[in-house]
Q: 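Please see the structure below; I have some questions.
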Amino acid sequence: MAAFGIATGGSNWFSALALGVTLLKCLLIPTYHSTDFEVHRNWLAITHSLPISQWYYEATSEWTLDYPPFFAWFEYALSHVAKYFDQEMLNVRNLNYSSSRTLLFQRFSVIFTDALFVYAVHECCKCIDGKKAGKELTEKPKFILSALLLWNFGLLIVDHIHFQYNGFLSGLMLLSIARFFQKRHMEGAFLFAVLLHFKHIYLYVAPAYGVYLLRSYCFTANKQDGSIRWNSFSFVRLISLGLIVFLVSALSLGPFLALNQLPQVFSRLFPFKRGLCHAYWAPNFWALYSAFDKVLSVIGLELKLLDPNKIPKASMTSGLVQQFQHTVLPSVTPLATFICTLIAMLPSVFCLWCKPQGPRGFLRCLILCALSSFMFGWHVHEKAILLAVLPMSLLSVGKAVDASIFLILTTTGHYSLFPLLFTAPELPIKIILMLLFTIYSISSLKTLFRKEKPLFNWMETFYLLGLGPLEVFCEFVFPFTSWNLKYPFIPLLLTSVYCAVGITYAWLKLYVSVLIDPPVGKTKKQ
């Protein structure tokens, strides 16, 4: 709790929000946890009981270590606390080991490390323009942003029910963003470099960081129209940034370079032998693509245009999928997804370079990079939507158009996480928590922008309301139909495809907003 006190800087309401969500997290300790719980227990065992030379070779469990070295050292540090709870959890041979003390330790390790997230939220609140602040505390942008981040529904169910450490990692990202708003570019660059060596999924947003630092830090001034003043380039700043990246990378990868194990480490970090989509389709372009392929295959079979014996038996909607071949449409390769992702990112990166808008422009580019990689990436997990949802929260309290995009993206993205919690006891928990968060998000942002036009048009309202009937059908109607045995994948398919439409729409709407916004012409430093 001391961390909360330091973070608040005397703001009692912030302390109350942080303490309240911490108590809620404690109440969620006994709930269902996924196989990720065993994944992290196994990583504790690997890093604690084996020498570093074996960390990325150990394969007793199917849940091998596949995060960058800093996260491995993070697990190593946790393991030295874990041994005081239950020494048996640190035995590599104890596959699927579980005990009450193990449960308590792992749950509290997530809650404790969330202190960094709380601090990052507080720093982000300092960067918010208070011009729209209402008379009531609950109408102030800083209060709304704090509630949207600290009580984020996605983080609550993914970290504190499903089980992961996204809060801690998201804290590093938000803190680096805050440092850019505070013009502390070197600190922001350092924090992001560290973050990359904790979890490599953040490579998705690296183009936004790289271009922004080059454009707004290495070039120290702009012309009156916002274009680059080429003679303002600072080699000293460029070298300083390069030195930060080099030193952090050397600290992370150096020991494995000395052991001649870098190829093995990278083979664990980038396992392209996995399929295009995860077991449950993340709601992105490839979900729509794969669903369309399934529709075409069904039509083809009905019209006897396809040979049933030549239809691939693997289903991407049930169980773990490694390689998958589409039936009608061309199959997709990792290279194709990389090219699509790169093409999708380029306009946002181009705007960041040619139409400088300061830290706000960087933030929008970061979100577009995250969404583009989510839309077109290889083997994307549905949880990756949080990479865009959390930073989008910062934009939501600034402009009405961003608030509208945030609400569509967040509501749809959060609902797409529902299949992660498929056990009956968690059904009322996820429904109630999401309803509370969604109602608060919509009502608070509507109040904040009450003097502007409505946040949703009729089409957006109709789409969001459609999530209700979809949930009723998937959870309460479909299980009692005859289709449940023959087509058990239908609820997952419907959820994925419906949410993919909403996320795609939010991505496109944000892109249009970025492309039409004029540059901010400044002659001084960004």
Side-chain angles (χ1 to χ4, degrees), residues 3-4 7 17-44 63 66-67 70-71 74-75 77-78 81-82 98 102-121 124 146-175 195 198-199 201-202 278 280 282 370 374 381-393 410 413-423 425-426 429-434 436-438:
F4 297 147
L17 286 175
L19 180 60
V21 76
T22 301
L23 293 176
L24 175 59
K25 293 170 184 177
C26 292
L27 293 176
L28 296 175
I29 287 176
T31 56
Y32 153 85
H33 54 77
S34 71
T35 52
D36 279 336
F37 189 86
E38 169 62 13
V39 169
H40 288 281
R41 186 214 60 81
N42 186 56
W43 293 359
L44 288 171
W63 312 118
D66 59 4
Y67 272 26
F70 277 179
F71 201 93
F74 171 71
E75 296 278 8
L78 288 178
V81 181
S98 182
T102 301
L103 174 67
L104 285 174
F105 170 76
Q106 292 198 243
R107 289 294 198 192
F108 276 116
S109 70
V110 180
I111 295 172
F112 177 78
T113 54
D114 273 357
L116 177 60
F117 182 75
V118 173
Y119 174 69
V121 172
C124 286
S146 297
L148 294 179
L149 287 172
L150 294 176
W151 288 78
N152 181 271
F153 167 77
L155 270 184
L156 282 175
I157 68 166
V158 171
D159 279 12
H160 301 281
I161 300 181
H162 180 82
F163 192 82
Q164 279 192 348
Y165 290 91
N166 292 289
F168 164 68
L169 298 170
S170 298
L172 281 173
M173 181 179 71
L174 292 178
L175 193 55
L195 177 61
F198 267 101
K199 193 170 183 178
I201 192 175
Y202 291 96
H278 195 240
Y280 156 55
F374 182 85
H381 288 241
E382 63 285 342
K383 300 181 286 290
I385 193 62
L386 295 177
L387 189 57
V389 166
L390 294 173
M392 190 70 208
S393 305
T410 302
H414 282 170
Y415 181 76
S416 74
L417 300 174
F418 266 34
L420 290 175
L421 308 182
F422 51 84
T423 51
E426 279 66 45
I429 295 176
K430 67 183 182 183
I431 291 177
I432 292 171
L433 286 180
M434 178 164 173
L436 290 174
F437 182 82
T438 304

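Because the structure is a prediction, the values reported are computed rather than measured.
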Q: Supply the atom-to-atom distance D36 CG to Q164 CD, rounded to the nearest 0.5 angstrom.
A: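 Between atom CG of D36 and atom CD of Q164 there are 4.5 Å.
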
Q: So, do L417 and K430 sit near enough that their side-chain heavy atoms are less than 4.5 Å apart?
A: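 Not in contact.
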
Q: Would a 4.5 Å heavy-atom cut-off, applied to side chains only, mark L155 and L390 as touching?
A: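 Answer yes - side chains close enough.
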
Q: If every non-hydrogen atom of I29 is compared with every non-hydrogen atom of F108, which pair is closest and at what distance?
A: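 Shortest heavy-atom contact: CD1-CZ, 3.6 Å.
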
Q: Enter the distance from D159:CG to L28:CG here, rounded to the nearest 0.5 Å.
A: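 Interatomic distance, D159 CG to L28 CG, rounded to 0.5 Å: 11.0 Å.
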
Q: Should H414 and N152 count as side-chain neighbours, where that means a heavy-atom distance under 4.5 Å?
A: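 They are in contact (side-chain heavy atoms under 4.5 Å apart), so the answer is yes.
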
Q: Nearest 0.5 Å please: distance from the CZ atom of F37 over to the CG atom of L103.
A: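 It is 5.0 Å, given to the nearest 0.5 Å.
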
Q: Would you call R107 and F163 a side-chain contact if the rule is heavy atoms closer than 4.5 Å?
A: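 They are in side-chain contact.
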
Q: Which pair of heavy atoms, one from G167 and one from D114, lies closest together, and at what distance?
A: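 Reported closest heavy-atom pair: CA-OD1, 3.5 Å.
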
Q: Between CZ of F153 and OG1 of T438, what distance do you get to the nearest 0.5 Å?
A: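 The CZ atom of F153 sits 7.5 Å away from the OG1 atom of T438.
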
Q: Report the residues that fulfil side-chain hydrogen bond (donor to acceptor under 3.5 Å, both in side chains) with H40, sequence neighbours left out, ordered by chain and then residue number.
A: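 With sequence neighbours excluded, H40 shows a side-chain hydrogen bond (donor to acceptor under 3.5 Å, both in side chains) to E75, given in chain and number order.
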
Q: If you define the side chain from C-beta out and look only at heavy atoms, does anything of L24 sit under 4.5 Å from H160?
A: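 They are not in contact (no side-chain heavy atoms under 4.5 Å apart), so the answer is no.
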
Q: Closest heavy-atom contact between G154 and L386?
A: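 Scanning both residues completely, I find the closest heavy atoms to be CA-CD2, 3.9 Å.
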
Q: Distance-only, no hydrogens or angles: does the K383 side chain make a donor-acceptor pair with backbone N or O of V158 under 3.5 Å?
A: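 A pair under 3.5 Å: no.
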
Q: State, yes or no, whether a side-chain contact exists between I431 and F418 at a heavy-atom distance under 4.5 Å.
A: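 Side-chain contact under 4.5 Å: yes.
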
Q: Out of curiosity, Y67 OH to L169 CG, how far, rounded to the nearest 0.5 Å?
A: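 Between Y67 OH and L169 CG, I get 7.5 Å after rounding to 0.5 Å.
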
Q: Tell me, do W151 and L436 make a side-chain contact under 4.5 Å, heavy atoms counted?
A: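 No - every pair of side-chain heavy atoms lies 4.5 Å or more apart.
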
Q: Does L387 reach the side chain of F374, with side-chain heavy atoms less than 4.5 Å apart?
A: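 No, every pair of side-chain atoms sits at 4.5 Å or beyond.
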
Q: Can you tell me how far the CD1 atom of I157 sits from the OG1 atom of T31, to the nearest 0.5 Å?
A: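 If we round to the nearest 0.5 Å, I157:CD1 and T31:OG1 are 10.5 Å apart.
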
Q: Between F168 and F74 (judged by ring centroids, cut-off 6.0 Å), do the two rings come close enough to count as a pair?
A: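 Close enough - the centres of the two rings lie under 6.0 Å apart.
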
Q: Write down the atom of A18, the atom of V118, and the distance for their closest heavy-atom approach.
A: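 In this case the closest contact between A18 and V118 is CB-CG1, 4.0 Å.
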
